[in-house]
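The structure under discussion appears below in the form of structure tokens.
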Amino acid sequence: MTSKTTIVQALNQALDDAMAADPSIIVLGEDVADREEGGVMGVTKGLSTKYGDRVRSTPISEQAIVGAAIGASLAGYKPVAEIMLMNFTTVAMDMIVNHAAKLRFMSGGQTHVPIVIRTMTGAGFSVGGQHSDYLEAWFAHTAGIKVVAPADPAEAYGLLLSSIDDPDPVLFIENMPSYWTQGAAPEQGKRIPLGQARIAREGSDLTIVTYSRMVGEALAAAEALSKDGLSIEVVDLRTIAPWDRDTVLQSVAKTGRLLTVHEATKPFGVGSEIAAEVNEELFGRLKSPIRRLGGAFCAVPFSKPLEDAFAPTARTIEAEIRSILSPELTH
Amino acid sequence: MTSKTTIVQALNQALDDAMAADPSIIVLGEDVADREEGGVMGVTKGLSTKYGDRVRSTPISEQAIVGAAIGASLAGYKPVAEIMLMNFTTVAMDMIVNHAAKLRFMSGGQTHVPIVIRTMTGAGFSVGGQHSDYLEAWFAHTAGIKVVAPADPAEAYGLLLSSIDDPDPVLFIENMPSYWTQGAAPEQGKRIPLGQARIAREGSDLTIVTYSRMVGEALAAAEALSKDGLSIEVVDLRTIAPWDRDTVLQSVAKTGRLLTVHEATKPFGVGSEIAAEVNEELFGRLKSPIRRLGGAFCAVPFSKPLEDAFAPTARTIEAEIRSILSPELTH
Amino acid sequence: MSNYPKPDAATLVKIYEKMELIRQNDERAHKVVKAGRIIMPYYSPRGQEVIPSAISVSLTAQDYICTIYRGTHDMLAKGVPLKLLWAELAGRVTGTCKGKGGPMHITHPETGVMVTTGVVGSSMPIANGLAWASQLSGDGRVTIANFGDGAANIGAFHESLNMAALWKLPVIFVCQNNRYAEHTTFANSTAVERIGDRAASYGMPGITIDGNDPDVMYGAAKIAIDRARAGEGPTLIEAMTYRFNGHLLGDDGHYMDKEERQRAIAADPVARLRKRLIDEGALSEADAVRIETDISAQLDEAIEFALQSEYPALDEIRRDVFAHELA
Amino acid sequence: MSNYPKPDAATLVKIYEKMELIRQNDERAHKVVKAGRIIMPYYSPRGQEVIPSAISVSLTAQDYICTIYRGTHDMLAKGVPLKLLWAELAGRVTGTCKGKGGPMHITHPETGVMVTTGVVGSSMPIANGLAWASQLSGDGRVTIANFGDGAANIGAFHESLNMAALWKLPVIFVCQNNRYAEHTTFANSTAVERIGDRAASYGMPGITIDGNDPDVMYGAAKIAIDRARAGEGPTLIEAMTYRFNGHLLGDDGHYMDKEERQRAIAADPVARLRKRLIDEGALSEADAVRIETDISAQLDEAIEFALQSEYPALDEIRRDVFAHELA
Ligand SMILES: Cc1ncc(C[n+]2csc(CCOP(=O)(O)OP(=O)(O)O)c2C)c(N)n1
Ligand SMILES: Cc1ncc(C[n+]2csc(CCOP(=O)(O)OP(=O)(O)O)c2C)c(N)n1
Ligand SMILES: [Mg+2]
Ligand SMILES: [Mg+2]
């Protein structure tokens with residue numbers, strides 16, 4: 001039996017392993033040093049004790065945090081910056097979008113910005129409208145930055161290592177409500193390449209393309225549907241930008257049906273891009289219209305029943321799939 | 001013959017007419033008062049002379065600009081804030097996304113934020129990577145804010161009046177390179193309702209859905225294609241969020257083919273949402289795969305040939321349409 | 001500060017009543033959350049009671065405040081109705097925001113609570129706008145922008161103070177320096193000893209005072225409020241205080257300096273003011289007890305009301321996104 | 001300032017050479033753009049020549065600078081090769097950035113020009129990071145963050161100065177106060193008289209000096225650079241200067257105070273230093289002319305090189321987005 005770990009531990013291990021191997025890796029963010037408890041969630045715990053000044057807690061100054069990461073990366077370091085919650089990327093968007101993502105291009109390749117910006121988010125924690133948003137579509141729409149969102153501890157570990165290795169800026173999105181969910185422990189040093197999706201479950205009737213916490217919900221839905229003989233393939237995108245077209249297209253070519261699922265709201269979301277591309281590539285070869293599930297089109301509500309109704313769940317995914325497959329089910 | 005005007009003049013007229021009619025309308029932004037020349041492009045020229053303290057030039061402090069607009073709107077004013085260039089919305093994203101767009105919802109409807117944020121952008125002015133981006137997809141993906149982008153002077157006038165009237169926050173996107181292009185003058189006071197697209201040209205073979213400066217390019221392409229007997233319908237979205245599904249679906253149901261065109265980069269852009277929705281609604285009824293055109297996936301390059309190659313043009317739109325229709329053309 | 005206006009005995013009693021309300025309200029919040037009766041992120045303002053209490057006695061219901069996730073004390077001092085507050089904390093449709101905002105986003109325009117933000121620093125730019133409205137309309141209102149010591153290092157602080165000073169806005173920036181920003185001490189996040197001194201960067205009056213001293217806090221606030229109302233512009237007040245608890249409920253604050261924390265708790269401003277009022281004869285022990293009992297009863301009632309209330313219907317998800325309900 | 005280190009005659013000549021290069025370069029830019037030979041947005045640094053010239057003589061090629069759209073003078077003083085610069089201005093593949101960046105985004109790491117930004121204020125947070133790298137590696141470099149008076153009112157300024165002071169970073173914040181931000185005067189955008197005073201908000205040395213006086217500018221920069229190199233942390237220098245031209249080429253600056261502008265132009269720091277060097281015997285008229293002629297020839301050559309160079313191939317659009325070329 002493999003040993004178990006949590007996403008928090010896996011991320012901590014990835015940072016530790018990376019820093020041990022490469023002295024150019026440095027870490028900054030609010031409360032990340034051990035004097036400040038190694039991060040509000042403990043992701044960076046122990047690192048400052050082990051690596052000293054390479055780990056720095058910062059003032060609450062997100063522009064300065066990302067700016068410092070960018071500058072240090074231009075000078076040869078590989079900074080991992082934490083923006084505590086994804087909603088707070090909003091105060092650092094100039095640094096992320098106008099600078100980190102563009103300096104390689106605008107300098108004609110003379111400089112580059114190999115930084116990782118770790119950030120967490122996700123509904124389900126009763127923290128309301130300004131602390132729960134998934135904003136990955138914004139960054140995927142931005143040339144020059146990669147976007148990664150792991151679904152379990154081993155994935156978090158392997159993808160964070162690859163994100164740190166990567167010569168380009170990476171926005172690394174962690175789901176807060178699943179931080180302490182147990183999963184198989186990663187194999188030390190094992191990287192998961194960016195840009196490669198994974199078939200989290202094989203199936204033949206319909207493909208779900210998803211990522212982050214929704215992978216678990218999709219798998220649960222697939223499991224439930226399997227009891228009715230429905231065979232659902234679940235593709236975990238892992239890297240949202242650039243996304244793995246080949247894997248997605250192969251899967252949908254096989255199943256003939258696609259449902260995209262993410263926690264971000266559906267309109268103008270990641271699912272729309274995937275649907276648009278798959279529709280174009282597999283025109284005339286789909287058995288039913290591509291459907292998309294996403295969070296409700298509103299700020300994440302505080303009130304528990306509303307918050308529970310905000311994001312897709314195994315149950316709503318299952319229902320959506322039944323409605324897609326119902327013509328077949330009913331004849 | 002109708003008289004002619006420019007977008008700059010039309011916007012100025014809309015602001016003037018709105019301010020004359022409603023004393024709660026106030027204007028703020030960098031250099032907007034006449035002491036500072038009434039805006040770097042002259043859009044607000046004359047307003048401070050006429051309306052005094054209701055028009056205020058601000059320091060270079062975009063968070064404070066949008067914040068002041070939000071606060072004043074909570075107290076009953078209807079502020080029109082200028083963020084000089086769309087790329088500078090990046091320093092005000094917290095105010096726009098976490099506050100302006102969410103306060104109505106998070107307050108349970110007790111407060112609302114009837115502000116307009118005017119901003120300009122667009123490639124073609126040789127201003128390079130940090131001054132030309134179209135970022136409308138970000139805001140369209142944000143619940144609680146509307147996004148409007150006019151294509152000519154009369155449209156700019158009528159849509160700005162409606163944006164000011166609107167009880168919700170509106171991001172109003174102006175194209176810089178076409179600021180001084182002449183067009184028919186608007187009829188005084190004539191509003192163009194938000195959320196309603198317009199058929200800019202009727203056609204039967206293919207629908208182009210577009211907005212902002214690209215409407216002109218699309219019309220030119222349609223005109224060129226008409227010489228070969230191809231009949232292209234051009235839908236000017238006008239309001240990007242919420243977009244006019246009915247008009248778009250009706251048009252595509254009629255033509256059976258869709259090409260979306262915008263200056264923003266294609267991946268995860270507005271075209272993807274439209275393609276995804278149309279594919280879903282008109283599944284099995286399309287004659288060919290939906291195609292999307294957008295700006296190149298890079299920062300807007302400075303070098304003229306690269307900048308010229310960045311965004312779609314009448315020529316590339318025409319070529320794309322020919323390639324879509326080529327099976328028919330060749331038999 | 002010796003020439004600050006002083007609160008009279010009746011005003012001090014009013015201040016005390018607010019403080020006791022905040023104290024008991026906080027006690028209840030801890031109890032209710034720990035008992036699992038309400039699930040919410042709760043940021044205790046315990047230890048910071050004096051600040052809004054001594055400010056609010058010089059405000060009208062029409063004056064505006066903007067506050068933060070830790071601002072329950074600010075709201076209570078301003079007069080947010082307890083039932084609506086608690087119903088919101090419980091996520092019920094009877095809450096201030098129909099349960100949709102929650103503890104970090106309490107809004108109640110009737111009592112001037114215009115914005116509660118969860119984003120550090122963001123109370124300030126919006127407060128400017130409210131003050132701008134008052135300046136334009138001449139309605140004579142003032143706006144209080146509350147924020148923490150950590151927030152004094154974010155860009156929005158700088159932009160807001162510069163604009164407020166330039167425009168002479170009737171706004172008062174109240175930095176509640178409780179010595180911590182999450183797990184970070186004030187000294188470890190701030191390159192200067194007094195936030196109050198930063199006012200000089202904006203040609204604005206700025207002071208650093210003992211925010212736990214009701215006389216000083218009242219006097220400083222009164223001067224600033226009078227100034228603002230008279231059209232003389234903004235003031236920055238750094239009110240030194242102390243966060244008795246960890247950052248949020250569940251964080252025991254073990255990383256905080258033990259001695260300093262004990263000293264602060266031993267000098268509990270609520271108990272101190274109570275004792276003083278009794279010592280000075282402004283309040284009898286019996287009156288004090290009556291105040292306490294009244295508050296306790298009101299809280300019982302409010303919490304009961306909250307927990308008996310309905311949750312919002314699911315279609316609330318489609319309401320209040322825009323003026324018109326979504327399809 | 002009387003105890004500032006003074007530049008010796010040879011250093012002053014070096015400063016002058018840089019200034020003359022900047023002056024002539026600016027003249028050419030006006031000419032070339034007006035003649036339609038190059039199309040670019042051009043933000044003239046004319047009038048601000050002393051600042052980077054007097055700073056750069058105390059810098060090594062390894063030291064870093066971050067500058068802004070108006071920073072041609074900063075780049076030239078730091079040593080950016082003229083040919084590469086002009087080819088970039090002309091959008092040619094032989095330019096510093098293969099023509100992809102353009103005038104607002106000149107980058108040339110070999111001479112330490114790490115970032116040129118078009119976003120007001122954004123040079124500062126990145127400069128901190130470069131300085132942080134030097135602090136970590138102990139490479140002894142210093143970083144200069146250039147920005148304008150208008151930029152001193154944006155959030156990034158505040159966050160950057162606080163972090164730099166807290167971390168004692170080897171960075172120097174150089175506010176080039178040319179009295180205007182686009183069409184807005186300094187007084188109309190800033191609630192305080194001296195940006196240099198804002199250093200007090202960060203416990204950082206801060207001075208406001210005559211940035212058009214080469215002795216003072218040299219001395220203040222030298223002290224700050226030495227401090228930074230010695231690990232003693234950052235300095236804020238507000239260098240008072242004047243923008244001779246409108247905001248950008250095409251804007252005639254008619255809204256600027258006429259007398260003030262005339263006074264500033266009459267006191268042209270380039271002509272002044274030339275005269276002084278000759279008066280003081282540090283430079284002969286003949287040498288001065290030789291310098292001028294040399295520069296002129298170099299500019300001829302650079303502009304010729306630029307205009308003769310090829311534009312980048314269209315596939316450059318797919319390169320440098322990521323490390324790997326896009327498909
Ligand atoms: C922009 C932003 N960055 C980070 C956070 C996370 N955060 C929440 S509270 C807090 C500490 C704030 O400290 P302070 O301003 O002193 O207020 P206090 O909590 O002490 O009242 C932080 C960093 C946030 N909410 N917003
Ligand atoms: C964040 C941001 N807001 C607005 C602008 C538009 N803008 C460009 S230059 C400028 C004036 C800047 O003035 P200052 O900082 O004094 O520098 P100067 O141009 O005088 O050198 C403005 C407002 C911008 N580039 N970035
Ligand atoms: Mg604090
Ligand atoms: Mg300036």
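Below, read A as the first sequence line, B as the second, and so on, with proteins coming before strands; counting in each chain starts at 1. None of the values given here were measured: they were computed from a predicted structure.
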If we count only N and O atoms by modelled type, under 3.5 Å, do the side chains of C/His183 and A/Glu30 hold a donor and an acceptor together? no
Around atom CD of C/Glu110, are there more than 12 heavy atoms of other residues, nucleotides or ligands at under 6.0 Å? yes
Does A/Gln182 CD have over 12 foreign heavy atoms under 6.0 Å away? yes
So which part of [X] gets closer than 4.5 Å to some heavy atom of chain A, the side chain, the backbone, both or neither?
{"X": "C/Val119", "answer": "both"}
{"X": "C/Ile38", "answer": "neither"}
{"X": "C/Met104", "answer": "side chain"}
{"X": "C/Ala313", "answer": "backbone"}
{"X": "C/Thr185", "answer": "neither"}

Could you check which of [options] has the highest count of heavy-atom pairs closer than 4.5 Å to chain A?
{"options": "C/Gly91, C/Ala90, C/Gly101", "answer": "C/Gly91"}
{"options": "C/His247, C/His105, C/Arg92, C/Glu88", "answer": "C/His105"}
{"options": "C/Ile39, C/Asn188, C/Leu314", "answer": "C/Asn188"}

I need the minimum non-hydrogen distance between A/Asp31 and C/Ala181, along with the two atoms involved. OD1-O, 4.0 Å
How long is the span from the CD atom in A/Glu37 to the CD atom in C/Glu182, to the nearest 0.5 Å? 11.5 Å
N/O donor-acceptor pairs under 3.5 Å from side chains in residues 320-327 of chain C, not counting sequence neighbours:
residue: C/Asp320; atom: OD2; partner: C/Lys98; partner atom: NZ; Å: 2.8
residue: C/Asp320; atom: OD2; partner: C/Lys100; partner atom: NZ; Å: 2.8
residue: C/Glu325; atom: OE1; partner: C/Arg319; partner atom: NE; Å: 3.0

Given side chains that start at C-beta, do those of C/Met40 and A/Phe302 come closer than 4.5 Å, heavy atoms only? yes
Could you look at A/Phe88 and say if it's the side chain, the backbone, both or neither that has a heavy atom under 4.5 Å from chain C? side chain
For chain C, find its close neighbours in residues 56-69 of chain A: heavy-atom separation under 4.5 Å, sorted by number, or none. A/Pro59, A/Ile60, A/Ser61, A/Glu62
